[in-house]
**Student:** 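After the structure tokens below, expect a handful of questions from me.
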Amino acid sequence: MPDLNISVWRSGSQNFETFLVPQQDSQTVLDVVSHIQTHLDPTLSYRFACRVGMCGSCAMMVNGIPRWTCRTHVSKVANSGAIKIEPLRNLPVVKDLITDMDPFFDKWIEAKGVFEGTATRSDDMRPVDTTTHQRIEANAAIECINCAVCYAACDTVSGNDRYFGPAALNRVWSLVNDEKDGGQSARLDAISDVGGCHNCHSQGSCSLYCPNELDPAASIASLKRRTASSFWQKR
Ligand code: FES
């Protein structure tokens, strides 16, 4: 098999550097980046942890599309043997392929995407009925791995740096449907505010590219309806 032609973003030169990488069966994009760092240039910086699609740390732009690189096979994305790899869009770059995730997670906090428990240690464990519509809605949004692929895919985030983005709002929708959470009023206020759900243009890139096949666009649409009905109930 001919070598792969890999273009990798280097923050030092502010340009792409090209490497030839041996092609192998069942090779992932993360395998390619690891090969470059291990055999060709040890100064290349990138981030990964689990290699099995659980930790969400390995996301990068691959031929212009945000992807989890540990689960993206070269055979699916190589364009005549060529792959262009860049850091995730919409986030500051720390070095080479590593982005600063602080703005992404700061917005989870700002959107109040954090569980607010109401029970104490001395309360009995209260079982949750997993068959209710509310719980099914919560579960549908819950398997986010915080990879920021949706955040990188979102054109609204690109144009509005106050916008919380799909992952934070998807998390909020899961919590809004959590019967054990006690922070609903403040949460609905937060996501009705300047960075909130009503900024979404419903383009759907978040749902298209979510590697876990979640549907943040549907979560955000549901939040728009919920905040509107909450607004009219208060009047
Ligand atoms: Fe953990 Fe890719 S390395 S999701």
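In this text, all values refer to a predicted model and were calculated from it rather than measured experimentally. Both counts, for ligands and for their atoms, begin at 1 and track the order of listing.
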**Student:** I need the full list of salt bridge (charged side-chain N to carboxylate O under 4.0 Å, His left out) pairs touching residues 46-60, with sequence neighbours left out, sorted by first then second residue.
**Tutor:**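 Listed once each, the pairs are D31-R51.
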**Student:** Short question: side chain of N5, backbone of A82 - any donor-acceptor pair under 3.5 Å?
**Tutor:**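 No, because the side chain of N5 does not come within donor-acceptor range (under 3.5 Å) of the backbone of A82.
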**Student:** Indicate yes or no for a side-chain donor-acceptor contact from D178 to the backbone of A138 under 3.5 Å, with no hydrogens or angles considered.
**Tutor:**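 No.
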**Student:** Is a donor on one side and an acceptor on the other found under 3.5 Å between the side chain of K107 and the backbone of G195?
**Tutor:**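 No; zero donor-acceptor contacts below 3.5 Å.
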**Student:** With atom 1 (Fe) of ligand 1 as the centre, enumerate protein N/O/S atoms below 2.8 Å in chain and residue order.
**Tutor:**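 Listed by chain and number: C50 SG, C55 SG.
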**Student:** Look at the rings of F48 and Y46 and say which category their plane angle falls in: under 30° parallel, 30 to 60° tilted, over 60° perpendicular.
**Tutor:**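 Ring orientation, 0 to 90° scale: parallel.
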**Student:** Are the side chain of T69 and the backbone of C58 linked by a donor-acceptor contact shorter than 3.5 Å?
**Tutor:**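 Yes, T69 side chain to C58 backbone: donor-acceptor pair under 3.5 Å.
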